[in-house]
Amino acid sequence: MTRELTCICCPIGCSITVEMNGNEVAYVSGNNCPRGDAYVRKEVTAPQRTVTTTVAVDGGESAAASVKTQGEIPKEKIMECIKALRDLHVEAPVHIGDVILKNVADTGVDIVATSNIAKG
Amino acid sequence: MSEKTKELVIIGGGPAGLAAAVAAAEAGVPVEEIRILERDNKLGGILNQCIHNGFGLHTFKEELTGPEYADRFIQKAHELKIPSSLNTMVVDISYDAASGVKKVTAMNRSEGVFTIDARAVILAMGCRERPKGALNIPGYRPAGIYTAGTAQHYVNIDGRMPGKEVVILGSGDIGLIMARRMTLEGAKVKVVAELMPYSGGLKRNIVQCLDDYGIPLKLSHTVVDIEGKERVEAVTIAQVDENRAPIPGTEERYTCDTLLLACGLLPENELSRQLGVEMSPITGGPLVDESLETNLAGVFACGNVLHVHDLVDYVSGEATIAGQNAAKFLSEKRTEKNAPDLKIVTQGGVRYSVPSTIHLDTMADTLTVRFRVGAVYKDQNLAVYLGDTKLQSLKKRVMAPGEMEQVILVKKKLEEVREAGEKSSELKICIEA
Ligand SMILES: Cc1cc2nc3c(=O)[nH]c(=O)nc-3n(C[C@H](O)[C@H](O)[C@H](O)COP(=O)(O)OP(=O)(O)OC[C@H]3O[C@@H](n4cnc5c(N)ncnc54)[C@H](O)[C@@H]3O)c2cc1C
Ligand code: SF4
């Protein structure tokens, strides 16, 4: 069986063909770089995503701070991760890289801030 | 009205303006002679609301979110101590051909209306969304209709949701990204409708913003009816034929409280026009040469003001070149522009090019020419000719309007062909079988 996937690792979005031998990846073609190869191998077995969202900020120049998972988490954990952040409030100031929540949804991955929000 | 003089004024403190300022300072323009004018209360431009990741792979070899990418350049500008004025709106620029002075008029709360006489100006105002007028349907305009970028600002900066049940018209990147964003924030995105037979957005965004969440994308569809008087209650979409006219009988009605319009971006060029910069009717941005200089000596342009980019890395790269050339212009004390040696003409599906003219004496060893194509092309060649002489040709698996393409011109090759007798000054970029 062959599968056609679009690499999402960078905006070029290579079309990658994966030849499957049962559950094993037999051959990968169409990727411009090694990241594409690694991506499709993971995508056909255990897909992962980086999640970006916002958390509410109290006492800041704006009411929300952008955050991300510090690494990728399993795709099926995305909604659980979002839920864990929904009612969270942080105090301004917020700095890029601040850990907002440790080990989100038991993924072993932390949520970190991606914007600077000054007191306001 | 207070008056000041500066060597270099940069209009816009987004990624383009920041990278241009950094490059100019690094190329030797004294920082006290540079000033960035930004109308927002923060540097970083549109990136501050683009909280998704995928920025900077080319520049920093890591995947950053928009605000993180912007912050790298903001830090750099701070380290170099490049002065910037926030909450400062530029309202006019005029050019005095005799003296070469560009008079920049701006205003803010602390200085009121003031002018700066600049020897060089870099236009880096970015782009704005196509207005709601793009929605060409009769009837009421109830509340609940937003451009996608406005909704992005609400959700990501102000932390509030514009609605709960959403239909999106337009599948450009902002539309796709907002489909996922609204879904994550608990809204139900019912459908993304796209007028054209292809998406205007990046493929990766279709995969990770729509496919991941099971949001349907309906190509060749448009909105034909909006119900609701006070607030949107339902939206009807229909399929369109090859003339983009709705096909009767294909209507589908979606109940919703919000309609997002992601109908594309337009370079923000009122100021450029006032200044007398020659514009491209296709991009809506200034026409520039290999140095990213406009028809006016000492007026440069870079970033989304020039043409809409989907990759901020390219914006930063382009802006660096503009900054370096502005520095060179200032050190040469040049006041005029020579006629270009080559004019780039685009044909066969290539819609335009940036730059559009070349001076060979100031061209670097290689020159990246960027453009967009007018339709989807599969297994075609991207060819470059000088007159009748073929310079290069590259086979491309897929080219699509949503993705910016480029060719890299080699100066040595151009010179060789000219020495061998090619007299034409027409450099043609085209798609061929
Ligand atoms: C929704 C969206 C998603 C994107 N996704 C990606 C992505 O995944 N990866 C990627 O690499 N790129 C992405 N991009 C593209 C990238 O963000 C842009 O290419 C980049 O921000 C353009 O930079 P710029 O400096 O030209 O414009 P902008 O960021 O728009 O900055 C222009 C600045 O000029 C200021 N300005 C305008 N007029 C005036 C005036 N008269 N006086 C003073 N200041 C003024 C504005 O306030 C603004 O700050 C995305 C863009 C959008 C909109
Ligand atoms: S394979 Fe490499 S170049 Fe192609 S989309 Fe993936 S990361 Fe980008």
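In the text below, chain A, chain B and the rest are named by the order of the sequence lines, each starting its count at 1.
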Quiz item: Strictly under 6.0 Å, is that where the ring centroids of B:F60 and B:F55 end up?
Solution: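 No, ring centres 6.0 Å or more apart.
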
Chain A contact via [X] - which portion, at a heavy-atom distance below 4.5 Å:
X      : value
B:L184 : both
B:I157 : both
B:V155 : backbone
B:R181 : side chain
B:E68  : both

Ionic contact status for [Y] with [X], cut-off 4.0 Å:
X      : Y      : answer
B:R204 : B:E63  : yes
B:K396 : B:E405 : yes
A:R3   : A:E43  : no
B:E185 : A:R86  : no

Exercise. Go through the side-chain N and O atoms of A:T17 and A:E4 and say whether any donor and acceptor fall under 3.5 Å apart.
Key: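 Yes - a donor-acceptor pair under 3.5 Å links their side chains.
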
Practice problem: Indicate whether the side chain of B:E318 and that of B:H309 have a donor and an acceptor atom separated by less than 3.5 Å. | Solution: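 The criterion, which ignores hydrogens and geometry beyond distance, is satisfied for B:H309 and B:E318.
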
Quiz item: Between A:V51, A:I117, A:I96, which shows the greatest number of heavy-atom pairs under 4.5 Å with chain B?
Solution: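 Sorted descending by pairs with chain B, the first entry is A:I96.
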
Exercise. Among the options A:T114, A:T54, A:N116, pick out the one with the most heavy-atom pairs lying under 4.5 Å from chain B.
Key: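 Among A:T114, A:T54, A:N116, the one with the most close pairs to chain B is A:T114.
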
Quiz item: For A:L5, is it the side chain, the backbone, both, or neither that has a heavy atom closer than 4.5 Å to a heavy atom of chain B?
Solution: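 No part of it gets close to chain B.
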
Exercise. With a 4.5 angstrom heavy-atom cut-off, could you sort out which part of A:C9 is near chain B: side chain, backbone, both or neither?
Key: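 Backbone of A:C9 only, per the 4.5 Å heavy-atom cut-off to chain B.
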
Self-check item: Partner chain A: residue of B:D212, B:D211, B:N205, B:D310 with the largest heavy-atom pair count (under 4.5 Å)
Solution: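 That would be B:D212.
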
Quiz prompt | Residue, of B:T65, B:L202, B:N48, that accumulates the most heavy atom pairs under 4.5 Å with chain A | solution =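 Counting heavy-atom pairs under 4.5 Å, the top option is B:T65.
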
Practice problem: Decide whether a cation-pi geometry holds between B:R370 and B:Y314; the criteria are a distance under 6.0 Å from NZ or CZ to the six-membered ring centre and an angle within 45° of the ring axis. | Solution: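 Checked: cation-pi criterion met.
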
